[in-house]
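I am attaching a structure below and will ask some questions about it afterwards.
Below, all heavy atoms of this structure are taken into account, side chains as well, without hydrogens, waters or symmetry copies. If you're wondering where the values come from, they're calculated on a predicted model, not measured in any experiment.
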Amino acid sequence: VSAVEINYATRRARVRWDERKIKLSDILGAIQAIGYRAYPYDAQRSEQLAERERRSMLWRVFVAGFGMMQVMMYAFPVYVAAEGDMTWDVELLLRWASLLLTLPVVLYSAAPFFQRAVRDVRLRRLGMDVPVALGVGAAFLASCWATFTQGGEVYFDSVTMFIFFLLGGRYLEMNARQKAISVTEALAKLLPAFAQRLPGFPVERAAEQCVVADLRAGDYVLVQAGAIVPADGRVVEG
């Protein structure tokens with residue numbers, strides 16, 4: 001591999017390699033070995049993956065938000081009840097209800113945090129998801145232990161609220177990133193793929209078609225009326 005350029009916003013990598021020494025499948029396998037998935041760029045497939053990512057994230061945010069609201073309904077009476085207003089049996093029932101509602105939030109909505117945290121630990125590095133997974137996991141397990149042993153404090157409302165707000169922020173960030181990518185791609189589609197190059201200008205005015213990427217500084221290009229200028233340049237005639 002002689003060169004690698006990665007654009008985080010578009011999630012694309014441009015790789016240049018020697019086909020005599022390494023195959024594309026080996027490069028994709030190396031990327032997969034460090035915890036990522038890669039495939040040759042396809043505009044239609046990228047749009048499908050982006051749509052699938054939006055739908056999956058929206059469902060995770062919905063489950064987290066629904067669980068947060070329900071758990072808060074059970075936690076609020078415990079917070080506002082004066083001493084002696086609520087019996088231990090009622091509080092224990094509210095704890096078990098909160099545990100059952102928090103379970104899908106932790107197992108489904110927060111699943112990507114745990115998956116990426118496991119990947120980072122396996123590769124002996126600390127990413128942003130490691131402290132998130134530790135905080136969510138520790139608070140949830142401690143609350144489960146307090147519920148089982150019928151003692152101590154529970155933090156199911158804090159766990160669900162934290163997951164909801166974190167997922168909500170990442171969903172907004174993902175939407176902004178995908179919109180920026182779609183605008184950039186729309187502008188890129190306006191650029192022509194071919195240009196009419198004039199190799200003998202100004203002596204000869206015969207034009208030949210070439211790929212825009214093959215244009216070099218000093219080339220003369222014919223731009224027809226109403227056509228899009230294929231590259232930065234200076235008007236020398238017309």
Side-chain angles (χ1 to χ4, degrees), residues 8-11 35-37 45-82 85-121 126-183:
Y8 173 76
T10 60
R11 293 186 176 180
Y36 296 92
R37 287 180 297 176
R45 184 176 182 183
S46 295
E47 180 60 31
Q48 292 175 351
L49 289 175
E51 178 63 28
R52 190 185 310 166
E53 184 183 14
R54 284 194 301 268
R55 191 183 305 114
S56 175
M57 180 69 79
L58 191 59
W59 270 108
R60 295 184 193 278
V61 172
F62 172 77
V63 172
F66 180 79
M68 178 193 68
M69 291 186 295
Q70 295 300 315
V71 172
M72 285 300 297
M73 287 177 57
Y74 296 134
F76 184 73
V78 180
Y79 289 147
V80 300
D85 291 346
M86 181 179 296
T87 63
W88 174 248
D89 293 340
V90 174
E91 184 175 348
L92 187 60
L93 179 63
L94 295 178
R95 286 190 176 194
W96 277 103
S98 299
L99 189 155
L100 294 177
L101 288 169
T102 306
L103 201 58
V105 178
V106 173
L107 296 181
Y108 175 69
S109 297
F113 302 136
F114 291 104
Q115 292 169 355
R116 289 190 288 262
V118 170
R119 179 196 66 191
D120 290 342
V121 172
L126 293 178
M128 294 178 61
D129 293 303
V130 174
V132 171
L134 285 175
V136 170
F140 179 71
L141 293 177
S143 300
C144 290
W145 177 258
T147 303
F148 294 146
T149 59
Q150 300 184 11
E153 299 293 333
V154 293
Y155 308 99
F156 295 120
D157 53 333
S158 301
V159 170
T160 54
M161 187 182 302
F162 178 69
I163 295 173
F164 172 73
F165 283 126
L166 192 58
L167 285 175
R170 294 198 177 185
Y171 178 74
L172 294 177
E173 184 241 348
M174 180 192 66
N175 272 345
R177 174 172 49 81
Q178 291 184 354
K179 287 181 180 179
I181 294 173
S182 62
V183 172

Would you confirm whether T160, through its side chain, and D157, through its main-chain N or O, come within 3.5 Å as a donor-acceptor pair?
-> yes
Using 4.0 Å as the upper bound for N to carboxylate O, is an ion pair formed by R54 and E51?
->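 A salt bridge links E51 with R54.
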Student check: side-chain heavy atoms of M68 and V105 closer than 4.5 Å |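 They are not in side-chain contact.
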Parallel, tilted or perpendicular, as decided by the 30° and 60° cut-offs, for the rings of W59 and F62 = perpendicular
Parallel, tilted or perpendicular, as decided by the 30° and 60° cut-offs, for the rings of W96 and F148 | tilted
State whether the number of non-hydrogen atoms from other residues, nucleotides or ligands found under 6.0 Å of F114 atom CZ is greater than 12.
->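 For F114, atom CZ is crowded (more than 12 foreign heavy atoms under 6.0 Å).
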CD of E153: more than 12 outside heavy atoms within 6.0 angstrom?
-> no
Is a donor on one side and an acceptor on the other found under 3.5 Å between the side chain of R116 and the backbone of D129?
-> no
Any donor-acceptor pair under 3.5 Å from S56 side chain to R52 backbone = no
Under-4.0 Å salt bridge between R60 and E53 = no
Side chains of R11 and R177: does their closest heavy-atom pair fall under 4.5 Å?
-> yes
Y155 backbone acceptor or donor facing S143 side chain under 3.5 Å | yes
